[in-house]
Amino acid sequence: MYLSSASTEKPAPGTYPDDLLASFAPRLIAWQREHGRHDLPWQNTRDPYRIWLSEIMLQQTQVSTVIPYYARFLERFPTVEALAAAPIDDVMALWAGLGYYSRARNLYRCAQVVAQEHGGRFPSTVEGLADLPGIGRSTAAAIASFAFGARATILDGNVKRVLARVFGVEGFPGEKRVENAMWTLAESLVPGADASDADVSAYTQGLMDLGATLCTRGKPDCERCPFAGDCVAKTTGRQRQLPAARPKKAVPTRRTWMLVLLLDGDAVMLEKRPPMGIWGGLWSLPEAAGEAALADRALMFGASAKAAPLASLTHTFTHFKLDIEPRMIELERKGAALAANEAETVWVSLREIDAYGVPAPVRKLLDGLRGSLI
DNA sequence: AAATCGGGGCA
DNA sequence: TGCCCAGATTT
């Protein structure tokens, strides 16, 4: 069974044991049928719309969280045409709570492209699917294999972990060279032309289930794993070393100046941030790239007093550290302060900050300020 | 606090 | 074509 491969490219001969390469798919399929998941709401269908919807939701969220959202979406939008015809506000409302809203917008755009440019039918090839908004190579392969029986491989974070461990793939999978090698390996493992559509589905689902239920990041359950006897990580005790961690990189530090306009010792001015970029759409303190620029902004708000420094704080993002230099000006009387300003601003009592979406470090700063005023 | 994640967008 | 990002959760 499955001795032939769907891919044209293969790992260099001798890189991995031939018997493991050849037996991987049938063993995974057998394991999936016996121990994998079979009753998830998006299984047991070949409707590409349902499969697509589940895959997009699962890109970013755990199964248990997705289930109720998935049910509500299907009830409100039973078909891709229904989704495409809905006002985007309805879509965003149903998505609310799942986070990653740019992906909800891509979901909607994708539905419109499918409805308007593909006659309401999803493309059946990986390439066609991957051209759609929000669908990359891995998600395209998931949809193509589940809905159309395509012999295409997924390669998400779970699969990278499984391959790195079982085959002993060295190097950080986020690195292009390593990722390419994994794609080649993954494609060479896909069941061949003699596999049925059901085999293909079980294989793809098996990759997902193995990574999600046994070959987890923290404490893999190697005793139950069908590949324990061959797994490089297991046989060498390197489960924690594979896959290799992202190389440590010194994160750059950026610095920003924030203006605390304190009115009558109670309210501060917040400014709505632009929808894109850091803290998009949240309410934050007026900001500037330097001391002088901040003073200019204060003048525009009608505050001419000298700004007093507050304790600086740093906030760590994935890609950089942000050093925040707060400067405070205390004002009395409302009215005049808002005059010359066109940005979207609001005065908020320090006691009511929690009612606004405020970035965590700014909230911390304002909480500290409130504490010091009592 | 640190690590993680698939796709989009830009150099 | 490849690198880095935003935004959110998990460990």
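A, B, ... follow the sequence lines: proteins, then strands. Residue 1 opens every chain. Fair warning: this is a prediction, and the values are worked out from it, not measured in the lab.
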Ring centers of A/Phe167, A/Phe24 separated by less than 6.0 Å: yes
Protein-nucleotide distance (A/Leu322, atom CG; C/dC5, atom P), rounded to Å: 14 Å
Minimum-distance nucleotide to A/Tyr101 side chain [options: B/dC5, C/dC3, C/dA8]: C/dA8
Toward the 5' end of DNA chain C, by each residue's nearest nucleotide, A/Gly174 or A/Arg217: A/Gly174
Distance in angstrom units between A/Phe172 CZ and C/dG2 P, rounded: 16 Å
Closest-nucleotide ordering on DNA chain C, the 5'-leading residue of A/Lys176 and A/Gly218: A/Lys176
Interatomic distance, A/Arg240 CZ vs B/dT4 P [rounded to whole Å]: 11 Å
Over 12 non-hydrogen atoms of neighbours within 6.0 angstrom of CZ in A/Arg224: no
Residues A/Glu291 and A/Arg327 bridged, charged N to O under 4.0 Å: yes
Length of the CD-P vector between A/Gln62 and C/dA8, whole Å: 16 Å
Separation of atom CG in A/Leu58 from atom C1' in C/dT10, rounded to whole Å: 16 Å
Donor on one side chain, acceptor on other, A/Asn158 and A/Arg161, under 3.5 Å: yes
salt_bridge(A/Asp90, A/Arg76) N-O dist < 4.0 Å: yes
A/Arg297 with A/Glu271: basic N within carboxylate O range, under 4.0 Å: yes
Between C/dG2 (P) and A/Glu175 (CD): distance, integer Å: 13 Å
Using the 3.5 Å cut-off, write out each protein N or O paired with an N or O of nucleotides 7-11 of chain B and the distance between them.
| unit_1 | atom_1 | unit_2 | atom_2 | d |
| --- | --- | --- | --- | --- |
| B/dG7 | OP1 | A/Gly136 | N | 2.9 |
| B/dG7 | OP1 | A/Thr139 | N | 3.2 |
| B/dG7 | OP1 | A/Thr139 | OG1 | 2.5 |
| B/dG8 | OP1 | A/Gly134 | N | 2.2 |

Spacing of A/Trp183 atom CH2 relative to C/dG2 atom C1', expressed in whole Å: 16 Å
Atom pair distance, as rounded to whole Å: OH in A/Tyr100 and C1' in C/dG7: 5 Å
Those residues that, when tested against A/Phe172, pass ring-ring contact (aromatic ring centres under 6.0 Å, His included) (two or more places apart): none
